[in-house]
Amino acid sequence: MAAPPQLRGLLLAVNALLRKRRYHTALAVLKGFRNGAVYGAKIRAPHALVMTFLFRSGSLQEKLRAILKATYTHSSNLACFVFTYKGLCALQSYLQGETHPAHSFLAGFIGGLLVFKKNNNINSQINMYLLSRVLFALCRLGVEKGYIPEPKWDPFPLFTALVWGLVLWLFEYHRPTLQPSLQSSMTYLYEDSNVWHDISDFLIYNKSRPSE
């Protein structure tokens with residue numbers, strides 16, 4: 001069924017507006033907000049679904065509420081950050097008449113302070129995810145710029161050994177220093193696998209089901 005003439009006219013007007021170069025910067029900020037919201041939901045919803053049903057106790061309604069809350073928090077925070085970052089970058093370029101590398105750092109710094117400053121599980125996970133990649137990137141940049149000598153052998157096996165050695169040491173002897181989600185995952189892997197009563201909780205279930 002064909003769209004009403006009024007709707008077709010509105011769509012034509014909107015598409016014409018979107019193609020105007022003078023509005024490109026402002027529209028890019030708005031689309032950044034949209035992409036941040038969508039990406040945050042796509043990333044968090046599956047993760048929250050698995051982690052909630054794997055580790056969280058409570059009724060189905062409570063679990064669904066927790067999944068929706070985590071998804072909303074991740075999605076809204078990422079949307080607001082992208083909006084803030086792109087807006088501040090555009091503002092700095094407009095004020096100075098050119099784009100400078102410092103603009104990205106300053107916009108990211110302010111956006112991170114405004115959006116991700118609250119110390120909660122979602123923000124902590126996002127920041128930890130970024131930290132590992134930032135450290136990797138800085139090492140590569142240091143080698144590229146000549147500040148760090150290029151290794152003559154692949155350091156990845158040593159890096160892997162240090163990471164796993166340290167995380168298991170922390171888990172066994174300083175567990176409260178680890179994030180709750182990591183504690184839950186490692187408890188499932190390394191402690192729950194020490195306990196069983198029969199074939200049901202050895203192969204099928206992690207823990208024995210309560211007898212009816």
Side-chain angles (χ1 to χ4, degrees), residues 21 24-44 46-47 51 73-183 185-186 189-190:
R21 297 302 302 175
H24 182 269
T25 300
L27 292 171
V29 173
L30 292 176
K31 186 171 182 183
F33 181 89
R34 176 263 179 200
N35 283 10
V38 171
Y39 186 81
K42 284 183 176 181
I43 291 296
R44 179 54 57 176
H47 178 270
M51 297 299 289
T73 301
H74 193 143
S75 178
S76 60
N77 281 3
L78 196 56
C80 291
F81 178 82
V82 176
F83 181 86
T84 303
Y85 171 78
K86 290 177 71 71
L88 289 174
C89 282
L91 178 62
Q92 291 175 98
S93 296
Y94 173 78
L95 292 176
Q96 292 194 317
E98 61 179 356
T99 299
H100 192 276
H103 293 171
S104 293
F105 176 81
L106 186 58
F109 182 91
I110 295 174
L113 189 62
L114 293 175
V115 178
F116 292 110
K117 64 182 179 180
K118 189 175 181 180
N119 188 0
N120 55 41
N121 289 339
I122 302 297
N123 289 346
S124 181
Q125 288 170 6
I126 293 172
N127 290 333
M128 292 299 174
Y129 173 90
L130 289 176
L131 176 62
S132 62
R133 282 145 181 81
V134 166
L135 292 176
F136 255 92
L138 288 175
C139 290
R140 288 170 177 161
L141 183 62
V143 172
E144 180 184 310
K145 297 293 185 181
Y147 303 136
I148 302 174
E150 186 168 357
K152 295 180 171 56
W153 45 273
D154 184 5
F156 191 80
L158 178 60
F159 161 77
T160 299
L162 284 172
V163 167
W164 284 97
L166 286 171
V167 77
L168 265 301
W169 172 71
L170 288 169
F171 174 71
E172 296 289 359
Y173 299 103
H174 304 281
R175 189 172 306 186
T177 63
L178 298 174
Q179 286 182 285
S181 61
L182 181 55
Q183 291 183 46
S185 299
M186 298 189 78
L189 292 170
Y190 303 109

State, to 0.1 Å, how close I126 and H74 come at their nearest heavy-atom pair, and which atoms those are.
-> CD1-NE2, 3.7 Å
Residue pair F33 / V82: nearest heavy atoms and the distance that separates them = N-CG1, 4.3 Å
Nearest 0.5 Å, please: how far is [atom2] in [Y] from [atom1] in [X]?
X	Y	atom1	atom2	value
T84	L91	OG1	CG	12.0 Å
L131	F136	CG	CZ	11.5 Å
Q125	S181	CD	OG	4.5 Å

Are more than 12 heavy atoms from other residues, nucleotides or ligands located less than 6.0 Å from atom CZ of F171?
-> yes
Verify the neighbour count for atom CG of D154: are there more than 12 heavy atoms of other residues, nucleotides or ligands below 6.0 Å?
-> yes
N/O donor-acceptor pair under 3.5 Å between S75 side chain and G40 backbone | no
Flag, side chain of Q183 to backbone of L178, donor-acceptor distance under 3.5 Å | yes
Face-on cation placement of R133 at Y129 ring, 6.0 Å and 45° thresholds | yes
Partner residues of F156 under the ring-ring contact (aromatic ring centres under 6.0 Å, His included) criterion, sequence neighbours left out = F159
Which of parallel (below 30°), tilted (30 to 60°) and perpendicular (above 60°) describes H100 and H103?
-> tilted
